Amino acid sequence: MARPGGFEAAEQQQQQEVLSRQQERHYRLLAELQALVKALPSACQQRLSYTTLSELALALLDGTVFEIVQGLLEIQHLTEKNLYSQRRQLHSEHRGLKQELFHRHKEAQQCCRPHNLPLLRAAQQREMEAMEQQIREEQRMMDEKIVLELDQKVIDQQSTLEKAGVSGFYITTNPQELTLQMNLLELIRKLQQKEAEAEKTFS
């Protein structure tokens, strides 16, 4: 059964309004992105063409990408905080071990007969050096673990944003591409802050 003509016309008009609102929002987001890009280093500005910014503005239309970025940044901050506290914990354990060894050595020296002291000191020196070596090794392993975990977080972010259809994001370790992606993330974050402030003004 055919719908009444008036209903169809109203539906079409509604679709037109939605489209025109989206188009207005797209132009506004694009204009704001273009303004924000001016603050970036010129090498980065050259990489962010009109097409890239237009595609980015399209991806930001419904606000989902803002929420995704917000979530990713929160996960990153939590990870960094967690890794920093693990490193601090290790540092304090090492300090405790060194103090313990120092006191043990001091006590042993006080109980030692004078003619045995040079031998004892030499043995203690070797023990201290072995501990220092072990501490350095553990710190190196911890730092490697931190770097690997942070690298993994970057890959997760790249993959998530690529799946969300955000222009410029894909898995890469190329330093220039990473810089570009970091700048794109910064643009999205700044735009999100602007949007939030605008909403506060209107509400």
Side-chain angles (χ1 to χ4, degrees), residues 25-26 28-30 32-97 132-200:
R25 183 164 159 72
H26 179 234
R28 191 169 50 81
L29 288 170
L30 179 56
E32 285 180 1
L33 281 170
Q34 286 173 311
L36 287 169
V37 164
K38 292 192 174 102
L40 295 176
S42 59
C44 194
Q45 286 184 37
Q46 285 160 11
R47 298 276 316 276
L48 293 168
S49 65
Y50 177 86
T51 314
T52 306
L53 292 177
S54 180
E55 284 171 1
L56 181 57
L58 271 177
L60 297 173
L61 272 185
D62 69 351
T64 312
V65 172
F66 286 139
E67 286 168 26
I68 292 172
V69 167
Q70 187 63 36
L72 288 173
L73 289 174
E74 280 167 15
I75 291 169
Q76 185 184 332
H77 291 153
L78 276 174
T79 306
E80 285 170 0
K81 219 165 138 182
N82 185 18
L83 291 170
Y84 176 69
S85 87
Q86 282 180 33
R87 197 173 191 280
R88 233 183 18 207
Q89 168 87 20
L90 184 70
H91 192 69
S92 110
E93 280 170 20
H94 286 162
R95 217 177 30 234
L97 285 172
E132 290 280 2
Q133 178 63 37
Q134 185 194 337
I135 285 174
R136 275 197 299 274
E137 187 59 22
E138 283 178 13
Q139 281 176 340
R140 186 186 62 75
M141 282 162 68
M142 170 63 81
D143 288 344
E144 273 179 15
K145 176 187 168 216
I146 288 173
V147 168
L148 283 173
E149 278 206 39
L150 292 177
D151 283 350
Q152 187 54 50
K153 278 287 158 280
V154 170
I155 290 170
D156 293 348
Q157 289 177 355
Q158 290 170 336
S159 162
T160 305
L161 290 165
E162 182 181 21
K163 282 177 191 151
V166 186
S167 178
F169 284 92
Y170 59 95
I171 293 173
T172 177
T173 51
N174 177 325
Q176 284 171 312
E177 295 303 310
L178 283 173
T179 305
L180 189 71
Q181 290 181 351
M182 278 162 68
N183 283 315
L184 282 169
L185 264 182
E186 189 60 18
L187 288 178
I188 295 170
R189 222 174 47 79
K190 283 184 175 161
L191 205 50
Q192 185 180 18
Q193 285 167 350
K194 274 190 156 185
E195 294 270 296
E197 281 161 22
E199 272 172 32
K200 269 187 212 159

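Note that the structure is a prediction, hence the values are computed from the model and not measured.
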How long is the gap from [atom1] on [X] to [atom2] on [Y], to the nearest 0.5 Å?
{"X": "Leu184", "Y": "Leu33", "atom1": "CG", "atom2": "CG", "value": "9.0 Å"}
{"X": "Gln152", "Y": "Leu150", "atom1": "CD", "atom2": "CG", "value": "10.5 Å"}
{"X": "Gln89", "Y": "Tyr84", "atom1": "CD", "atom2": "OH", "value": "13.0 Å"}
{"X": "Glu162", "Y": "Ile155", "atom1": "CD", "atom2": "CD1", "value": "12.0 Å"}
{"X": "Glu74", "Y": "Gln76", "atom1": "CD", "atom2": "CD", "value": "11.5 Å"}
{"X": "Leu97", "Y": "Ser92", "atom1": "CG", "atom2": "OG", "value": "9.5 Å"}

> Which heavy atom in Val65 sits nearest to a heavy atom in Ala59, and how many Å separate them?
Replying inline: CG2-O, 3.3 Å
> Between Arg136 and Gln133, is a side-chain hydrogen bond (donor to acceptor under 3.5 Å, both in side chains) present by the stated rule, with each step listed?
Replying inline: CA-CA 5 Å; Arg136 275 197 299 274; Gln133 178 63 37; 3.1 Å; yes
Beyond-backbone contact of [X] with [Y], side-chain heavy atoms, under 4.5 angstrom:
{"X": "Gln158", "Y": "Tyr170", "answer": "no"}
{"X": "Thr52", "Y": "Leu56", "answer": "no"}
{"X": "Leu178", "Y": "Gln181", "answer": "yes"}
{"X": "Glu195", "Y": "Arg28", "answer": "yes"}
{"X": "Thr173", "Y": "Val154", "answer": "no"}

> For atom CZ of Arg25, is the number of surrounding heavy atoms from other residues, nucleotides or ligands below 6.0 Å larger than 12?
Replying inline: yes
Check whether any side-chain N or O of [X] sits under 3.5 Å from a backbone N or O of [Y] as a donor-acceptor pair, and report yes or no.
{"X": "Glu32", "Y": "Leu191", "value": "no"}
{"X": "Ser54", "Y": "Tyr50", "value": "no"}
{"X": "Asn82", "Y": "Leu78", "value": "no"}
{"X": "Gln45", "Y": "Leu40", "value": "yes"}
{"X": "Thr160", "Y": "Asp156", "value": "yes"}

>> Assess the residue pair Leu180 and Leu48 against the criterion (side chain to side chain contact (heavy atoms under 4.5 Å, CB included)); give the C-alpha distance rounded to whole Å, side-chain angles, the decisive distance to 0.1 Å, and a yes or no.
In response: CA-CA 8 Å; Leu180 189 71; Leu48 293 168; 3.9 Å; yes
Side chains of [X] and [Y]: is there a donor and an acceptor less than 3.5 Å apart?
{"X": "Ser167", "Y": "Glu55", "answer": "yes"}
{"X": "Gln192", "Y": "Arg189", "answer": "no"}
{"X": "Glu138", "Y": "Gln134", "answer": "yes"}
{"X": "Asp62", "Y": "Thr64", "answer": "yes"}

> Between Leu185 and Leu161, is a side chain to side chain contact (heavy atoms under 4.5 Å, CB included) present by the stated rule, with each step listed?
Replying inline: CA-CA 10 Å; Leu185 264 182; Leu161 290 165; 3.9 Å; yes
>> Let's go through Val147 and Asp143 carefully: what are the C-alpha distance in whole Å and the side-chain angles of both, what is the deciding distance for side chain to side chain contact (heavy atoms under 4.5 Å, CB included) to 0.1 Å, and is it a yes or a no?
In response: CA-CA 6 Å; Val147 168; Asp143 288 344; 5.6 Å; no
> For the side-chain hydrogen bond (donor to acceptor under 3.5 Å, both in side chains) test, which of Glu149, Lys145, His91, Lys81 pairs with Gln86?
Replying inline: Lys145
> Is the closest basic N to carboxylate O distance between Glu137 and Arg140 below 4.0 Å?
Replying inline: yes
> If you measure from the Lys or Arg side-chain nitrogens to the Asp or Glu carboxylate oxygens, is any gap between Arg88 and Glu93 under 4.0 Å?
Replying inline: no
>> I'd like to know whether Lys153 forms a side chain to side chain contact (heavy atoms under 4.5 Å, CB included) with Glu80, so could you lay out the CA-CA distance, the side-chain angles of the two residues, the decisive distance to 0.1 Å, and finally the verdict.
In response: CA-CA 10 Å; Lys153 278 287 158 280; Glu80 285 170 0; over 6 Å; no
